[in-house]
Amino acid sequence: MTRILNALGCEEDDRVTLVFVSDRKIRELNRDFRQKNQPTDVLSFPGDRDSITGDPGHLGDVIISVETAQRQADEAEATLNEEILRLLVHGLLHLKGYRHDDAAERRKMRDRERRIIQKVSQGEDA
C-alpha cells in the first residue's frame, strides 16, 4: 500500500481504509450512495480532510467487492491479486480527484492506473 500511495504523490501520514465486501454489500452501498441498485467492483468515499473534526491524514475509504473482482480477473485471465491491485489503484485515483465521466478523462485515468501498477509491480516507489 505504501508504494501505491507514494506513486500517487500522497503525504507520508496519509491513510486509507480498505474494505473487502461481497456483491450483496457493495450493491447496498452503491444503491444507498449512488442510487444505482446493482453491484459494482469498487467504490471510493473521500475522507473529510478539510473539516475541523475530520482526520487530516485520512484520504478516504476504498471498498472492493471480492466476488466481482474474481469474475473480472477470470474474464481478463488475471489473478485475483492483480485485479484487486487494479481496483485499489482505481479507487485511490478517485480519492485523488481523478474522474472518468468522458473519453478524455477515462483515457487519462487508465494511463495513470497502468503507470502506477507497473511501478508497484516492479518494486518502484514513484
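The first residue of the sequence shown is numbered 1, and numbering continues consecutively from there.
Judged purely by atom type and a 3.5 angstrom limit, E83 has no side-chain atom pairing as donor or acceptor with the backbone of Q72. Looking only at distances, a side-chain donor or acceptor of R15 sits under 3.5 Å from a matching main-chain atom of D13. Between the side chain of D41 and the main chain of T68, no donor-acceptor pair closer than 3.5 Å is present.
Interatomic distance, NZ of K96 versus CE of M109, reported as 13.0 Å (0.5 Å rounding). Atom CZ of R106 is separated from atom CG of D111 by 12.5 Å, given to the nearest 0.5 angstrom. In this structure, CZ in R27 is found 12.5 Å from OG in S65, a value given to the nearest 0.5 Å. Going from atom CD of Q122 over to atom CD1 of I117 covers 12.0 Å, rounded to the nearest 0.5 Å. To the nearest 0.5 Å, atoms CZ (R3) and OG (S121) are separated by 9.5 Å. For the atom pair CD1 (I64) and CG (L85), the distance works out to 9.0 Å, reported to the nearest 0.5 Å.
Residue L95 comes nearest to S44 through the heavy atom pair CD2-CB, 3.9 Å, listed as atom of the first residue, atom of the second, then distance. Across all non-hydrogen atoms, the minimal contact from V120 to I4 is CG2-CG1, 3.6 Å. The two residues A69 and L87 make their nearest non-hydrogen contact at CB-CD1, 3.7 Å. E67 and R24 make their closest contact through OE1-N, 4.3 Å (heavy atoms, listed as atom of the first residue, atom of the second, distance). The nearest pair of heavy atoms linking C10 to D14 is CB-OD2, 3.4 Å.
Cluster membership check: I63 does not share its hydrophobic cluster with V66, using side-chain heavy-atom separations under 4.5 Å among Ile, Leu, Val, Met, Phe, Trp and Tyr. No continuous path of hydrophobic side-chain contacts links V21 to V62 [ILVMFWY only; heavy atoms under 4.5 Å]. Put simply, I84 and L29 are part of two different groups of oily side chains (I, L, V, M, F, W, Y) that touch within less than 4.5 Å, one to the next.
The shortest side-chain heavy-atom distance between D61 and V19 does not fall under the 4.5 Å cut-off. Residues L93 and I116 form a side-chain contact, since some pair of their non-hydrogen atoms from C-beta on lies under 4.5 Å apart. Between L88 and M1, the closest side-chain pair of non-hydrogen atoms falls below 4.5 Å. Inter-residue side-chain proximity for R34 and L43 is flagged as met; some heavy-atom pair is nearer than 4.5 Å.
Within 6.0 Å of CZ on R99 lie no more than 12 heavy atoms contributed by other residues, nucleotides or ligands. Shown here is E77, whose CD atom has no more than 12 heavy atoms of other residues, nucleotides or ligands within 6.0 Å.
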Hey, mind stepping through K108 and R112 against side chain to side chain contact (heavy atoms under 4.5 Å, CB included) and telling me if it holds?
CA-CA 6 Å; K108 183 178 176 183; R112 186 78 169 122; 5.8 Å; no

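With sequence neighbours left out, F45 forms a ring-ring contact (aromatic ring centres under 6.0 Å, His included) with F33.
Under the ring-ring contact (aromatic ring centres under 6.0 Å, His included) criterion, no residue pair touches residues 1-25, with sequence neighbours excluded.
Ion pair R71/D74 not flagged as a salt bridge, since none of the NZ, NE, NH1 or NH2 atoms sits closer than 4.0 Å to an Asp/Glu carboxylate oxygen. Comment: E113 does not engage R110 in a salt bridge, judged by the lack of any side-chain N to carboxylate O separation of less than 4.0 angstrom.
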